[in-house]
Protein chains: 2
Amino acid sequence: MTSPVRLLLADDEHLIRGALAALLGLEDDLVVVAEAATGPEAIAMAIAHRPDVAVLDLQMPGADGVTVATLLRDELPGCRTMIVTGHGRPGHLKRALSAGVRGFVPKTVSAQRLAEIIRTVHAGNRYVDPELASDAIAAGDSPLTAREAEVLELSADGAPVAEIARRASLSPGTVRNYLSSAAAKLGAENRHTAVRLAQAKGWV
Amino acid sequence: MTSPVRLLLADDEHLIRGALAALLGLEDDLVVVAEAATGPEAIAMAIAHRPDVAVLDLQMPGADGVTVATLLRDELPGCRTMIVTGHGRPGHLKRALSAGVRGFVPKTVSAQRLAEIIRTVHAGNRYVDPELASDAIAAGDSPLTAREAEVLELSADGAPVAEIARRASLSPGTVRNYLSSAAAKLGAENRHTAVRLAQAKGWV
DNA sequence: CGCGGCTTCTGACAAATGTCATGGCGGCGC
DNA sequence: GCGCCGCCATGACATTTGTCAGAAGCCGCG
């Protein structure tokens, strides 16, 4: 028998992380060698313990799972990464895959299933939850140009156009044009619903 | 020794629920008698299995934890309820307490700690996470009137005033007045930032 | 009973926003 | 090189929103 798979677990919810560590530890071919509660901590722990697979939560303080995965790809090429998430948006999956992530699963799977997927990933294969994958395909690519997306994101907190223009170093008129065309592309009647739509698709 | 505490676990994330069930089951004075993934399912399971303590996630499909707790208080007076949540907003805590919930904890606590709190709650005492409590005190009470809150909530998805008026069966002018006064009370410069603020405080 | 607060409405005005046409600039593909 | 597309801007216009004053009915509290 080969040596066990060394795991890093990163999740800001101690309850989940601890429970997960306990359950995965029961599998005799898996061993949790490090845990982290924040993005930066995950990176530090990964470098210190050099796990075979890093299981990362998508939403963490400091840096999200995809960001951590991106850094890890450069720092620790031998370490496979996978994302576990509560509510995954289509856009996140795309970002994750281009960051070299090899597994993407929702928290609705069982621990049993997660263990299998960890083995799959460790073997060098990919695994993406079928439902999330079909969502991503259905959502398609963002129809927004770079500036449209940027301006839309800046308008996410409900700031007036003048404020957005200031933050983007653009003319207010230009901002209104971008917002208008972004809303048209998304089929929204105003920029606020446009923001919601884009966020739901994970495009911002 | 007394008989073990019978638990109901409700959380839509199978991974967490299963892991939690396993960990809490290790405590020899606790036993998980039922699990549920949705609000309605939690209610049905509670009535069927009559647990001593119901551990409810705040965000679940169908009906949220507080709603479930409210129903349970009437249906199963002998059953203590507690809420476990990822990101608890101040307003939620208030709603939960008035629904008769006896425990309110974030998912950042350890399983060890959760087990102790379950015992505390089962003994008839209350437990509220200190940090969440101080947040709630700092946030204070909502300054909004019932209608202001209602209209603000309807405007949450960015719908235009005409749409909100239709849904609330109010005159557009009235809606604008409510939104205006709500924004003024919250110190926001428009209704969209007002919505964000109110949501952050848990007032909507 | 009167006072104050909440609810609901109207009307009017100012400001912000959405829409459209138009134009210049720069890059990319054929 | 020419055309297309994205980027940035301006100006004008219609629409939507925000703000304010005023007014009526209802309810609870002292």
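Proteins come first, then strands; the chains are lettered A, B, ... in the order of their sequence lines, and each starts at number 1.
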Among residues 155-167 of chain A, which ones have heavy-atom contacts with DNA chain D below 4.0 Å?
none
When you compare the side chain of Val101(B) with that of Val66(B), does any pair of heavy atoms fall below 4.5 Å?
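Side-chain contact under 4.5 Å: no.
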When you compare the side chain of Ile16(B) with that of Lys107(A), does any pair of heavy atoms fall below 4.5 Å?
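Side-chain contact under 4.5 Å: yes.
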To the nearest angstrom, how far is [X] atom [atom1] from [N] atom [atom2]?
X         : N       : atom1 : atom2 : answer
His192(A) : dG18(C) : NE2   : C1'   : 11 Å
Arg191(A) : dT15(D) : CZ    : C1'   : 14 Å
Leu179(A) : dT19(C) : CG    : C1'   : 12 Å
Leu152(A) : dT17(C) : CG    : P     : 14 Å
Glu189(B) : dT17(D) : CD    : C1'   : 14 Å
Lys185(A) : dG18(C) : NZ    : P     : 16 Å

Taking all non-hydrogen atoms of both residues, which atom of Ala159(B) and which atom of Thr193(A) are closest, and how far apart?
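Minimum heavy-atom contact is N-CG2, 4.1 Å.
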Contact summary for Ser155(B) and Arg191(B), nearest pair of heavy atoms:
CB-NH1, 4.0 Å
Look only at the side chain of Arg196(A) and the backbone of Ala156(B), and say whether a donor-acceptor pair between them is shorter than 3.5 Å.
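Between the backbone of Ala156(B) and the side chain of Arg196(A) there is a qualifying donor-acceptor contact (under 3.5 Å).
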Say whether, by atom type as modelled, one donor and one acceptor occur between the side chain of Asp12(B) and the main chain of Pro61(B) under 3.5 angstrom.
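The answer is no, because no donor-acceptor pair under 3.5 Å joins these two groups.
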Specify the residue among Asn190(B) and Val175(B) whose closest nucleotide of DNA chain C lies further upstream toward the 5′ end.
Val175(B)
Met60(A) vs Asp11(A), side chain to side chain contact (heavy atoms under 4.5 Å, CB included): CA-CA, chis, key distance, verdict:
CA-CA 7 Å; Met60(A) 279 186 293; Asp11(A) 192 318; 5.7 Å; no
Strictly below 4.0 Å: does [X] bring a side-chain N or O up to OP1 or OP2 of [N]?
X         : N      : result
Tyr178(B) : dT8(C) : yes
Arg147(A) : dG6(D) : no
Thr145(B) : dC6(C) : no

Please determine if Glu116(A) and Arg119(A) form a salt bridge, counting it only when a charged side-chain N lies under 4.0 Å from a carboxylate O.
no
Going by atom types alone, do Thr174(A) and Asn177(A) pair a side-chain donor with an acceptor below 3.5 Å?
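Checked: Thr174(A)/Asn177(A) side chains show no N/O donor-acceptor pair below 3.5 Å.
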Please encode protein proximity along nucleotides 9-14 of chain D as a string of B, S and -, counting only heavy-atom distances under 4.0 Å.
BB-B--
Answer with base, sugar-phosphate or nothing: what part of the nucleic acid does Ala183(B) contact at a heavy-atom distance below 4.0 Å?
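No contact.
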